[in-house]
Undergrad: 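Next up is a structure, given as structure tokens.
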Amino acid sequence: MHNKVNNKGLFVLSGLIFILFSLSVLSLRIEKKLTHVLKTEKKYLQAEVEISNAQETINRTRQGIDKLNSEVNHIAEQINVLIVDANEINDTIVLFMNQSLANQQTLDSLKLMEKAIAQNEHFIDSLSFVFKNKSDNLLSLMNEFNKKEFESKLMQHNGQTLQKDLHWSKIIFIVYFSLLVLGFFLGSFMLIWGLKNNTKSEENLV
């Protein structure tokens, strides 16, 4: 009989230990883990917004590169056309100058051709200046694009790390919470069962 009372007292003590452990240690761990989950989730959501903004910037930069590259190619084609025209005019001038007799009409044609060459050279100089500026802008934009793309990859890596951390933190939180509930109910059951049977034993002894 004395052993039964001791066993019931052990149930009461074990129940109290389970309850106190659940309400103290596990509760503290749950609180810390919940705080960590909320902070990580906030960082993850912020990282998603930053990644989205960075991707929009990259897309806009890519569109700007495509547009500027098209303009640069168009200017290069115009310069090539003007150079070809200038060469053809030069060839014609040489042909006229090689003629044995140069009449007034030929001289007038030469003057017009010289004027056309001067205009071509002016257009080529102007287009070359624009071409250089746009090429420099294109190079700068491409460098910016590469930088933004690299930063975006770092953000995505950071986002994936936060996502994994958040995933495992939630799992650990659920485990801690389950242990708290299990420990509390198990402790409560043992405490109630021990007290109830201990009371009956005392009544039987009386």
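Values below: all heavy atoms of this structure, side chains included; hydrogens, waters and symmetry mates excluded. Everything numeric here is computed off the predicted structure, so don't read it as measured data.
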Undergrad: To the closest 0.5 Å, what do you measure between OG1 (Thr57) and CD (Glu151)?
TA: 9.5 Å

Undergrad: Any donor-acceptor pair under 3.5 Å linking the side chain of Asn143 with the backbone of Leu139?
TA: yes

Undergrad: How about Asn133 and Phe129: do any of their side-chain heavy atoms sit closer than 4.5 Å?
TA: yes

Undergrad: So for atom NZ, which belongs to Lys43, do other residues, nucleotides or ligands contribute more than 12 heavy atoms lying within a distance under 6.0 Å?
TA: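 Counting neighbours around NZ of Lys43, 12 or fewer heavy atoms of other residues, nucleotides or ligands fall under 6.0 Å, so no.
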
Undergrad: Nearest 0.5 Å, what's the CZ-CD1 distance between Arg60 and Ile65?
TA: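 It is 13.0 Å, given to the nearest 0.5 Å.
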
Undergrad: Give a yes or no on this: more than 12 heavy atoms of other residues, nucleotides or ligands lie within 6.0 Å of atom CZ of Arg62.
TA: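 Correct, the count exceeds 12.
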
Undergrad: Minimum heavy-atom separation for Ile83 and Ile124, please, with both atom names.
TA: CG1-CD1, 3.8 Å

Undergrad: Check Leu141 against Gly64 and note the closest heavy-atom contact, atom names and distance.
TA: CD2-C, 3.6 Å

Undergrad: Measuring only between side-chain heavy atoms, which start at C-beta, is Gln63 closer than 4.5 Å to Lys67?
TA: no

Undergrad: Counting neighbours of CE on Met155 that are heavy atoms of other residues, nucleotides or ligands and sit closer than 6.0 Å, is the number greater than 12?
TA: yes

Undergrad: Which heavy atom of Ile75 sits nearest a heavy atom of Lys134, and at what distance?
TA: CD1-CD, 3.5 Å

Undergrad: If we only count heavy atoms from C-beta on, is the Gln55 to Ile58 side-chain gap below 4.5 Å?
TA: yes

Undergrad: Is any side-chain heavy atom of Lys32 less than 4.5 Å from a side-chain heavy atom of Thr35?
TA: no

Undergrad: Please report the interatomic distance CG(Asp66) to OG1(Thr61), rounded to the nearest 0.5 Å.
TA: 11.0 Å

Undergrad: Mind checking what makes side-chain hydrogen bond (donor to acceptor under 3.5 Å, both in side chains) contact with Glu48, not counting sequence neighbours?
TA: Tyr44

Undergrad: What's the spacing between Gln78 CD and Phe131 CZ if we round to 0.5 Å?
TA: 11.5 Å

Undergrad: Starting at CD of Gln119, measure out to CD of Glu121 and round the result to the nearest 0.5 Å.
TA: 11.0 Å

Undergrad: Looking at residues at least two apart in the chain, or sitting in another chain, which of them share a side-chain hydrogen bond (donor to acceptor under 3.5 Å, both in side chains) with Lys147?
TA: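 side-chain hydrogen bond (donor to acceptor under 3.5 Å, both in side chains) list for Lys147, sorted by chain: empty.
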
Undergrad: How far does NZ of Lys153 sit from CD of Glu149, to the nearest 0.5 angstrom?
TA: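 CD of Glu149 is found 5.0 Å from NZ of Lys153.
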
Undergrad: Is there a donor-acceptor pair under 3.5 Å between the side chain of Asn158 and the backbone N or O of Leu154?
TA: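 No: the side chain of Asn158 does not pair with the backbone of Leu154.
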
Undergrad: So, the side chain of Ser152 versus the backbone of Lys148: is there a donor-acceptor pair under 3.5 Å, distance only?
TA: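 It does not hold such a pair.
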
Undergrad: Please list every donor-acceptor pair under 3.5 Å in which a side-chain atom of residues 169-187 meets a protein atom from a residue at least two apart or in another chain.
TA:
{"from": "Ser169", "atom 1": "OG", "to": "His36", "atom 2": "NE2", "distance (Å)": "3.4"}
{"from": "Ser169", "atom 1": "OG", "to": "Asp165", "atom 2": "O", "distance (Å)": "2.7"}
{"from": "Ser169", "atom 1": "OG", "to": "Asp165", "atom 2": "OD1", "distance (Å)": "3.2"}
{"from": "Ser178", "atom 1": "OG", "to": "Ile174", "atom 2": "O", "distance (Å)": "2.8"}

Undergrad: Please name the pair of heavy atoms, one in Leu138 and one in Asn69, separated by the smallest distance, quoted to 0.1 Å.
TA: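 Leu138 and Asn69 have their closest heavy atoms at CD2-OD1, 3.7 Å.
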
Undergrad: Do other residues, nucleotides or ligands put more than 12 heavy atoms under 6.0 Å from the CD atom of Glu31?
TA: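 Count not over threshold, so no.
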
Undergrad: Taking it one step at a time, do Glu88 and Asp85 satisfy side-chain contact (heavy atoms from CB on, under 4.5 Å)?
TA: CA-CA 5 Å; Glu88 289 178 354; Asp85 289 344; 4.1 Å; yes

Undergrad: Where do Leu82 and Leu127 come nearest, in terms of heavy atoms and distance?
TA: CD1-CD1, 3.5 Å

